[in-house]
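Please read the structure below before turning to the comments.
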Amino acid sequence: MEPQVSNGPTSNTTNGPSSNSRNCPSPMQTGAATDDSKTNLIVNYLPQNMTQEEFRSLFGSIGEIESCKLVRDKITGKLLSVACFPAHQGQLTLKVSYARPSSASIRDANLYVSGLPKTMTQKELEQLFSQYGRIITSRILVDQVTGVSRGVGFIRFDKRIEAEEAIKGLNGQKPSGATEPITVKFANNPSQKTSQALLSQLYQSPNRRYPGPLHHQAQRFRLDNLLNMAYGVKRFSPITIDGMTSLVGMNIPGHTGTGWCIFVYNLSPDSDESVLWQLFGPFGAVNNVKVIRDFNTNKCKGFGFVTMTNYDEAAMAIASLNGYRLGDRVLQVSFKTNKTHKS
DNA sequence: TGCGATT
């Protein structure tokens, strides 16, 4: 994460200000408690091991503190800002700036962008969006293993209205040099994937493995045969794949940084994620499921994806569910392929 | 016969 605004090196964790002689008026003394635009600070690049007490002590040496809080990630518990160590300094440099006052005008100004050319850099992404306003943060998501862009990213504008204008101007447009249009929409809140994680946990418990309506069908298959059916030829050994960095970037069907990705075709228009959990959960650890929907109608476009942790379980699921009749439809299930470079 | 992506 890059600092967007720098006030210069203002403090240092090892030799920061220690004097108590500064005479800074506190909000209470000035009666400015209702306007925190100049009394509320945001501090980035705090060390991960800093305690609330140390944080208070560091800034309490400068003036009276009305309140202070360390902001941690809800899931990991880590401090949200990432420490940076400038090479020439070898020490931690804090970034201290005025906190942006929370108000309706800057709320929900975060955009999710998909369909980006894989070659587009973060800088180019910012250049594209900067015509619509001041960008606070930007990010392009990359594959965990290869580092290659996943073609999706985020842009946070200073103001909600700037984000709205960017959607109007860029959604469905082709960036110069791009062959496909991009999708620009408001981003989801980065929480609430916890429900999915809970579902995943449920299906990963041993006594939930291979139960349900497909139990007998799944048992009829021997693993060797399943693997051959899934790939048509000899199996890839997941041990070999994980152990050989030279294979990174190779086009192994379905293999991603986080597991084995499965393409599911011929879902009905009213399908939702729960049907994929129910179909694939019985075969083992499911990381993630996704039903692809039409932007306008919100109906399923007929296909979806399932990512499973273990190769053997993914292959078993494919062998069992490919050709499976769901209502009046016959599912087609296979490892996902790269459909990006269609020649 | 159709292959996304939510920090």
*Is the shortest heavy-atom distance from the side chain of A/Phe335 to the side chain of A/Phe263 under 4.5 Å?*
no

_Counting only side-chain heavy atoms from C-beta out, which of B/dT6, B/dC3, B/dA5 sits nearest to A/Val152?_
B/dA5

*Please answer whether B/dG4 and A/Phe305 are stacked, defined here as ring centres separated by less than 5.5 Å and planes angled under 30°.*
yes

*Could you state the CG-C1' distance from A/Asp143 to B/dG4, rounded to the nearest angstrom?*
14 Å

Just distance, no hydrogens or angles: give the donor-acceptor pairs under 3.5 Å from side chains in residues 170-178 of chain A, sequence neighbours left out.
{"residue": "A/Asn171", "atom": "OD1", "partner": "A/Val184", "partner atom": "N", "Å": "2.9"}

*At under 4.0 Å between heavy atoms, what does A/Phe303 touch on the DNA or RNA strands: base, sugar-phosphate, or nothing?*
sugar-phosphate

*Indicate whether OP1 or OP2 belonging to B/dG4 is found under 4.0 Å from a side-chain N or O atom of A/Arg293.*
no

_Salt bridge or not between A/Arg293 and A/Glu273? Use side-chain N to carboxylate O under 4.0 Å._
yes

*Report the distance from atom CD1 of A/Ile182 to atom P of B/dG4, rounded to the nearest whole Å.*
16 Å

*When the distance from NZ of A/Lys336 to P of B/dC3 is rounded to whole Å, what number comes out?*
10 Å

*Rounded to the nearest angstrom, tell me the gap between atom CD1 in A/Ile292 and atom P in B/dC3.*
11 Å

*Between B/dA5 (C1') and A/Ile140 (CD1): distance, integer Å*: 14 Å

*Send over the distance from A/Asn288 CG to B/dT6 C1', rounded to a whole Å.*
11 Å

*Please list, chain by chain and in numerical order, all residues satisfying side chain to side chain donor-acceptor pair (under 3.5 Å) with A/Gln332, sequence neighbours excluded.*
none

*A/Gln144 CD to B/dT6 P: how many Å, rounded?*
12 Å

*Please give, in whole Å, the distance from B/dT6 P to A/Leu125 CG?*
16 Å

